[in-house]
Amino acid sequence: MSRWKGLPTELDPSVRNLVVRLRRLKDHSGLSLRQLAAKTGYSSSSWERYLGGRALPPRDAVEALASVTGEEPTRLLAVWEVAAEAWSGRTATAPAGPIAGAAPAGARDQAPESVAEPGRAESLEPLDPIGPAGPGAEPARGRAFHVAVAAGAVAVVLAVSAVVVLVDRAGADRDHGAVAPLAPSAAPAASPRSVPAYTCRVERIDGLWHAGLSTTRDKILANGYAGPEVAEAQCLLDRAGYSPGDVDGIFGPMTERAVKRLQTEADLVVDGIVGPHTWGALRR
């Protein structure tokens, strides 16, 4: 069995699930990365990134791997779709581009022709939109002032109209019972003590260890998961001498460290994810 490196800690659990399944298929096939590249059409360096959790494999690559390993692709592609959705959410939170209004790259090296050079004075006199002033006509500065005043008045009218529309909408929402709170809810945050309490009832049944919370032997669990299956794994980890901390049914960093210690001792893939092989080591 291949000795894989641990996956990035920030990897989404659904992406971890996909990568672990792909690793397992590759291990069971007995193919090297070079052989896998020759059979799937994707380079060995690409497969190294896919199986290392540094890049999401394309759908065609997943389907090709399933084909060369004899795996039914339907379920694997369903796992890929969940992982792809999580991966797209991760890239959507990547740092945004330049701030709106900032000069693009390269534009800072060459100033626009309209920008005045240092030391040069340029006329800031407003242009007369009507034409040269005739005898007795108001100077250009005066007309520009009046135009500015008129524009300001229009802006005030538009602002007042917008406020009226917002007030009307708020009234309509209130009539329909949809009144938005003016301040954050004062309800206290959920206390950590509100999580379900689990009791370990460890016993050996038909040669396998059970804690009375779940009988699963292939449920995929990873950091961020929660539920009775996690509590079952925590009980069995504690029984085997790998303390996961409190048995609270929440897969956190302490549980992940305990899983990695078990996987190291059992000569499994050390990725901190509980799958069929790790369940086998827990229940033996």
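Basis for what follows: all heavy atoms, side chains included, without hydrogens, waters or symmetry-related copies.
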Quick one: do [X] and [Y] end up in the same hydrophobic cluster if we chain Ile, Leu, Val, Met, Phe, Trp and Tyr together by side-chain heavy atoms under 4.5 Å apart?
{"X": "Val270", "Y": "Leu7", "answer": "no"}
{"X": "Leu36", "Y": "Trp80", "answer": "yes"}
{"X": "Val82", "Y": "Leu77", "answer": "no"}
{"X": "Leu236", "Y": "Leu208", "answer": "no"}
{"X": "Val230", "Y": "Ile220", "answer": "no"}

| request: For side chain to side chain contact (heavy atoms under 4.5 Å, CB included), just list the numbers for Asp238 and Val247, CA-CA rounded to whole Å, side-chain angles, deciding distance to a tenth of an Å, and then say yes or no. | output: CA-CA 9 Å; Asp238 190 60; Val247 179; 5.5 Å; no
As an exercise, state the distance from [atom1] of [X] to [atom2] of [Y], rounded to the nearest 0.5 Å.
{"X": "Ile250", "Y": "Tyr198", "atom1": "CD1", "atom2": "OH", "result": "8.5 Å"}
{"X": "Thr216", "Y": "Leu221", "atom1": "OG1", "atom2": "CG", "result": "7.5 Å"}
{"X": "Gln35", "Y": "Ser44", "atom1": "CD", "atom2": "OG", "result": "11.5 Å"}
{"X": "Glu63", "Y": "Thr74", "atom1": "CD", "atom2": "OG1", "result": "9.0 Å"}
{"X": "His210", "Y": "Cys200", "atom1": "NE2", "atom2": "SG", "result": "14.0 Å"}
{"X": "Leu11", "Y": "Arg16", "atom1": "CG", "atom2": "CZ", "result": "5.5 Å"}

Counting C-beta onward and ignoring hydrogens, is there a side-chain heavy-atom pair between [X] and [Y] closer than 4.5 Å?
{"X": "Glu229", "Y": "Ser214", "value": "yes"}
{"X": "Phe251", "Y": "Val259", "value": "yes"}
{"X": "Asn17", "Y": "Ile273", "value": "no"}
{"X": "Val274", "Y": "Lys219", "value": "no"}
{"X": "Leu33", "Y": "Leu51", "value": "yes"}
{"X": "Glu48", "Y": "Arg54", "value": "yes"}
{"X": "Leu237", "Y": "Thr255", "value": "yes"}
{"X": "Pro57", "Y": "Leu22", "value": "yes"}

| Electrostatic pair Arg59-Glu81, nearest N-O below 4.0 angstrom | yes
| Is any side-chain N of the basic residue among Arg283 and Glu232 closer than 4.0 Å to the acidic one's carboxylate O? | yes
Quick check: closest heavy atoms across [X] and [Y], and the distance to 0.1 Å?
{"X": "Leu25", "Y": "Thr69", "answer": "O-CG2, 3.7 Å"}
{"X": "Val269", "Y": "Arg23", "answer": "CG1-NH1, 4.0 Å"}
{"X": "Val15", "Y": "Ala83", "answer": "CG2-O, 3.7 Å"}
{"X": "Tyr50", "Y": "Pro58", "answer": "OH-CD, 3.3 Å"}
{"X": "Gln263", "Y": "Thr278", "answer": "NE2-OG1, 3.1 Å"}
{"X": "Ala211", "Y": "Cys235", "answer": "CB-CB, 3.4 Å"}

| When you measure from the centre of the six-membered ring of Trp209, is the NZ or CZ of Arg284 under 6.0 Å away and within 45° of the axis? | no
| said: Can you confirm whether more than 12 heavy atoms, excluding those of Arg217, are under 6.0 Å from its CZ atom? | reply: no
| query | What do you reckon, is CZ of Arg201 surrounded by more than 12 foreign heavy atoms closer than 6.0 Å? | reply | no
| request: Check whether the side chains of Gln234 and Asp248 place a donor and an acceptor atom closer than 3.5 Å, and report yes or no. | output: yes
| request: For the residue pair Ser45 and Ser43, confirm or rule out a side-chain donor-acceptor distance under 3.5 Å. | output: yes
| field | Verdict with reasoning, Val20 to Trp4, per side chain to side chain contact (heavy atoms under 4.5 Å, CB included) | value | CA-CA 10 Å; Val20 169; Trp4 295 100; over 6 Å; no
Any donor and acceptor pair, going by atom type alone, linking the side chain of [X] with main-chain N or O of [Y] inside 3.5 Å?
{"X": "Glu71", "Y": "Pro73", "value": "no"}
{"X": "Thr264", "Y": "Lys260", "value": "yes"}
{"X": "Lys26", "Y": "Leu31", "value": "yes"}

| Trp47/Thr40 under side chain to side chain donor-acceptor pair (under 3.5 Å): CA gap, chis, key distance, verdict | CA-CA 10 Å; Trp47 278 113; Thr40 61; 2.9 Å; yes
